[in-house]
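Have a look at the structure below, then the notes.
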Amino acid sequence: MSEQQRPKKRRTMIKFAVQNSTYIAGKGNVTDWNFVTANIGIDTDDKPIKTDCFYCEWLNSYGAVAIQQQADGISQTARIRMTFVQAVYNALQTNSVKIYKNGIVDDLHCYMLASSPDNYAEQNKMLEFNVKHYEVK
């Protein structure tokens, strides 16, 4: 893998939660957020080892772009680069997804997708996308 196709610093842990809405008679629609998991190996009993934690290169926005977005009510934006994971790519392409920075599941660390995910050069080696965070009060 060349240097252009690899995130430089994968130091920020993130989690992805996918919206799952179901209709329950008498209650109406119920919405749950389920974490995206991926297989990372097999243990000694031939059972799959799964994780919901992924590491990425987190690049905050600054300058004119950040100023314009603050005027639109967006308090923070960032560009995410991470190793390609098919389950994450599928979730970002097809579902409503929340991204939790540092793996902390609360409103303060919750980001939404701001751009389509890019499978860099269609080589299934690196994912790149933008996220946005609205001010929480």
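Scope of the values below: all heavy atoms of this structure, side chains included, with no hydrogens, waters or symmetry mates.
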Establish whether F54 and Y100 are linked, either directly or via other cluster members, by ILVMFWY side-chain heavy-atom contacts under 4.5 Å. no
So, do V18 and W33 sit near enough that their side-chain heavy atoms are less than 4.5 Å apart? no
Angle between ring planes, H133 versus Y111, binned at 30° and 60°: parallel, tilted or perpendicular? tilted
Qualifying residues under salt bridge (charged side-chain N to carboxylate O under 4.0 Å, His left out), relative to K15, sequence neighbours excluded: D52
Using atom types as modelled and distance alone, determine if a side-chain donor or acceptor of N130 lies under 3.5 Å from a backbone N or O of S115. no
Would you call E128 and P117 a side-chain contact if the rule is heavy atoms closer than 4.5 Å? no
Between K101 and W58, does a side chain to side chain contact (heavy atoms under 4.5 Å, CB included) hold up when you go through it step by step? CA-CA 9 Å; K101 185 177 181 183; W58 187 279; 3.5 Å; yes
Using the benzene-type ring in the case of Trp, are the ring centres of F35 and F16 under 6.0 Å apart? no
In terms of heavy-atom contacts, D43 and D45 come closest through OD1-N, 3.0 Å
Show the nearest heavy-atom pair for residues H109 and I104, with the distance to one decimal. CB-O, 3.4 Å
Check the pair Q76 / N60 against side chain to side chain contact (heavy atoms under 4.5 Å, CB included), numbers first and verdict last. CA-CA 8 Å; Q76 187 178 17; N60 290 319; 3.0 Å; yes
Salt bridge (charged side-chain N to carboxylate O under 4.0 Å, His left out) partners of residues 19-34, not counting sequence neighbours, each pair once: none
State, to 0.1 Å, how close I99 and L113 come at their nearest heavy-atom pair, and which atoms those are. CD1-N, 4.0 Å
Judged by modelled atom types alone, do N90 and Q86 share a side-chain donor-acceptor pair under 3.5 Å? yes
Side chain to side chain contact (heavy atoms under 4.5 Å, CB included) assessment of M126 paired with M82: CA-CA 6 Å; M126 186 173 78; M82 62 180 281; over 6 Å; no
List for me each residue that meets salt bridge (charged side-chain N to carboxylate O under 4.0 Å, His left out) alongside D118, sequence neighbours excluded, and say none if there are none. none
Between the side chain of N95 and the main-chain N/O of V97, is any donor-acceptor distance below 3.5 Å? no
Rounded to the nearest 0.5 Å, what separates atom OG1 in T37 from atom CD1 in I49? 13.0 Å
Y89 with V131, same ILVMFWY side-chain cluster at under 4.5 Å: yes
To the nearest 0.5 Å, tell me how far T12 OG1 sits from N102 CG. 6.0 Å
SG of C56 to CD1 of I80: how many Å apart, nearest 0.5 Å? 4.5 Å
